[in-house]
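Take a look at the structure below.
Start at 1 with the first residue, then count along the sequence.
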Amino acid sequence: MRVLFVSWAWPTHFYPMVPLAWALRAAGHEVRVATPPGLAAHVTAAGLPFVPVGHDLDAVARIREYIPGRASGTPGRGPRAVSLFADLAEAMADDLVAFARAWRPDLVVHEPTAYAGPLAAAACGARAVRMPWGADLMHRQATLDAEERELAPLFARFGLGDPDTLGALTVDLCPPAMQVPEESRPGPLHRLPMRYVPYNGAGRVPVPLPPAERRRPRVCVTWGTTVGRLDGSMFLAGEVVAALDALDVGIVVAVDASQRRLLGALPERAKVIESVPLHCVLPHCDLVVAHGGAGTILTGLAQGLPQLVVPQLIDHTFNAQRFAATGAGLSLSRDEAHPEGLRAAVLELLEQPSYRKAAEEIRTENDRRPTPARVAAQLARLAGFPAEPTDPVEPTDPAEPTRSAESAASVAAGGSATSVLSVEGGRPC
């Protein structure tokens, strides 16, 4: 089987797809990852074959318009982000369609804002599979309507019919409690749950990163990479560390080396770890304080850690609200995140065992979900490839029923279904 993964050049949208791509490769399938050139280093660092398509656009400048309080953007085009994602698809389209028609993949796996993915699938006759990087924020009626308007000319340019951005099924990494509420969705969507296996980029870990001191807890402060790219004034990690210095806690700051300067001056006892994948840091910590990005929240939950979230972007605010509702952490607004507020929230999270218990329950639930290897086998059956005798039996997720591969194949056919610390002497992580 041939599987083509598609993303535009935003690393945090690509990273959650990596474990599934690895699983497909390990099962003997051919895999290619097609993105604009700007993501080349991230794809090849993950050990995956890279296909450059199209050209890079300045998405950062466009996304800055969506920060609350900034310019409103172009009116009259539906949800503003859809026009950006349509422009990104246009920039990728010619090269991607040409490659897909030549290579003939059986499946095209794409993240929901990479509209060039379903375009390529339609152009070469492959089945399209969506894979959101967190909560499925694109599955809303207003978004679907805007997608149809924005993408119709692009699909028509390649002689294709109406755009279908939902495809055969959606691989769902998100804990049910953090997903978009059922009542906010436009209708049922055929979802295939998959365990969230953290991949936060390639890197090296220091040797050794000592375990947390038992006499006091260790707090990891991290602000991801997206916020720093958009607006350095919103990168609050340094302020958070300064506030927590008054507490009897160990402090680890996880930061990309390119954004180290945004931290400013820090207390001497704060340990700064540069460009180490977050999933290699959190096993040594007791609490996470972060910005609300899906990858950070899900990586923390995969470790069973409570978290304090201070969101400032629209999608981060949604993530923070849903996360806080699980009981596994707290969310503070920017105005609430003053030193006293930060210290009080951190102490509550460390002293009240209910938060850790809720986070561990979500970790257990995630561990019960089908592994990427199981999902790879199900996708092979969806594409019409017979299961190997050793393929595992599809499990049933008690929290969210898993649709069978046969059911998914029926849907795809039109039938019905119920619904780097850059450290010398480090070791690879």
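Note that CD1 of Ile314 is 9.0 Å distant from CD1 of Ile67, once rounded to the nearest 0.5 Å. Interatomic distance, Leu57 CG to Leu84 CG, rounded to the nearest 0.5 Å: 8.0 Å. Interatomic distance, CG of Leu350 versus CZ of Arg218, reported as 13.0 Å (0.5 Å rounding). To the nearest 0.5 Å, atoms CG (Leu166) and CE (Met138) are separated by 10.5 Å. A distance of 14.0 Å separates NE2 of His316 from CZ of Phe323, quoted to the nearest 0.5 Å. Here the CG-CD distance, from Asp164 to Glu147, works out to 10.0 Å after rounding to the nearest 0.5 Å.
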Exercise for review: Any chance you could lay out the salt bridge (charged side-chain N to carboxylate O under 4.0 Å, His left out) test for Asp58 and Arg64, step after step, and finish with the verdict?
Suggested key: CA-CA 11 Å; Asp58 187 3; Arg64 284 184 180 132; 5.9 Å; no

Point to revise | Test log, rule salt bridge (charged side-chain N to carboxylate O under 4.0 Å, His left out), inputs Arg334 and Glu239 | key: CA-CA 12 Å; Arg334 177 64 183 94; Glu239 295 181 33; 3.1 Å; yes

Practice item. Go through the steps to decide whether Leu230 and Leu313 satisfy the test side chain to side chain contact (heavy atoms under 4.5 Å, CB included), and finish with yes or no. Key: CA-CA 10 Å; Leu230 297 178; Leu313 303 179; 3.7 Å; yes

Practice item. With side chain to side chain donor-acceptor pair (under 3.5 Å) as the test, would you mind laying out the steps for Tyr355 and Glu348 before giving the verdict? Key: CA-CA 9 Å; Tyr355 295 105; Glu348 180 177 345; 2.5 Å; yes

Practice item. Give the C-alpha distance, both sets of side-chain angles, the deciding distance and a yes or no for side chain to side chain contact (heavy atoms under 4.5 Å, CB included) between Val252 and Val221. Key: CA-CA 6 Å; Val252 170; Val221 178; over 6 Å; no

**Study point:** Derivation of the side chain to side chain contact (heavy atoms under 4.5 Å, CB included) call for Val253 and Leu263
**Key:** CA-CA 9 Å; Val253 189; Leu263 292 171; 3.8 Å; yes

Practice item. Just do the salt bridge (charged side-chain N to carboxylate O under 4.0 Å, His left out) check on Glu361 and Arg356 with the steps written out, would you? Key: CA-CA 9 Å; Glu361 288 173 352; Arg356 182 66 179 250; over 6 Å; no

Review point. Where do Met17 and Ser7 land on the side chain to side chain contact (heavy atoms under 4.5 Å, CB included) test, with the steps shown first?
Key: CA-CA 9 Å; Met17 298 193 289; Ser7 175; 3.8 Å; yes

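At least one donor-acceptor pair closer than 3.5 Å links the side chain of Glu111 to the backbone N or O of Thr113. Of the possible donor and acceptor atoms, one in the side chain of Asp106 sits under 3.5 Å from a partner among the backbone N and O of Arg2. A donor-acceptor pair under 3.5 Å is absent between the side-chain atoms of Glu365 and the main chain of Pro175, judged by distance alone. Counting only distance, with no hydrogens or angles, the side chain of Gln179 and the backbone of Pro176 share no donor-acceptor pair below 3.5 Å. At distances below 3.5 Å, not a single donor-acceptor pair connects side-chain atoms of Thr143 with backbone N or O atoms of His139. Not a single donor-acceptor pair under 3.5 Å links the side chain of Ser184 to the backbone N or O of Val180. For the pair Arg322 (side chain) and Ala177 (backbone), a donor-acceptor distance under 3.5 Å is present. Checking side-chain atoms of Asp56 against main-chain N and O of Gly38 turns up a donor-acceptor pair under 3.5 Å. A distance-only check finds a donor-acceptor pair linking the side chain of Asp95 to the backbone of Gly54 [under 3.5 Å]. With hydrogens and angles disregarded, no donor-acceptor distance shorter than 3.5 Å links the side chain of Thr170 to the backbone of Asp172.
Scanning both residues, Leu278 and Ala254, for their nearest heavy atoms gives CD1-CB, 4.2 Å. Arg195 and Asp367 get closest at one heavy-atom pair: NH2-O, 2.6 Å. Here the shortest heavy-atom pairing between Ala383 and Arg127 reads CA-NH1, 4.0 Å. Nearest heavy-atom pair across Ala86 and Tyr115 is N-CD1, 3.8 Å. For Gln307 against Ile297, the heavy-atom pair with the smallest separation is NE2-O, 3.0 Å. Minimum interatomic distance between Pro311 and Leu332 (heavy atoms only, all atoms of both residues): CD-O, 3.3 Å.
Side-chain atoms of Val346 and Leu287, non-hydrogen and from C-beta on, do get closer than 4.5 Å to each other. Two residues are said to be in side-chain contact when any heavy atoms from C-beta on lie closer than 4.5 Å; Ile273 and Val205 fail this criterion. Inter-residue side-chain proximity for Phe235 and Arg261 is flagged as unmet; no heavy-atom pair is nearer than 4.5 Å. Cys220 places none of its side-chain heavy atoms less than 4.5 Å from the side chain of Val289. Contact check for Glu150 versus Ser83: side-chain heavy atoms found under the 4.5 Å cut-off. Looking only at side-chain heavy atoms (C-beta outward), Asp162 and Phe155 stay at 4.5 Å or farther from each other. By the 4.5 Å heavy-atom criterion applied to side chains, Leu379 and Val129 are counted as neighbours. Residues Met234 and Gln312 have side chains in contact (heavy-atom distance under 4.5 Å, counting atoms from C-beta outward).
Using a cut-off of 4.0 Å between Lys/Arg side-chain N and Asp/Glu carboxylate O, Asp256 and Arg229 are scored as not salt-bridged. Using a 4.0 Å cut-off between a side-chain N of Lys or Arg and a carboxylate O of Asp or Glu, Arg185 and Glu182 qualify as a salt bridge.
With no hydrogens or angles considered, no side-chain donor-acceptor pair links Asp335 and Ser333 at under 3.5 Å. Side-chain polar atoms of Tyr15 and His42 form a donor-acceptor pair below 3.5 angstrom.
Aromatic ring orientation, Trp10 versus Trp8: tilted (interplanar angle from 30° to 60°).
Seen from the ring of Phe5, Arg130 does not count as a face-on cation partner, given the 6.0 Å and 45° thresholds.
Within a 6.0 Å sphere centred on CZ of Arg25, other residues, nucleotides and ligands contribute 12 heavy atoms or fewer.
Aromatic pair Tyr199/Trp22: ring centres closer than 6.0 Å.
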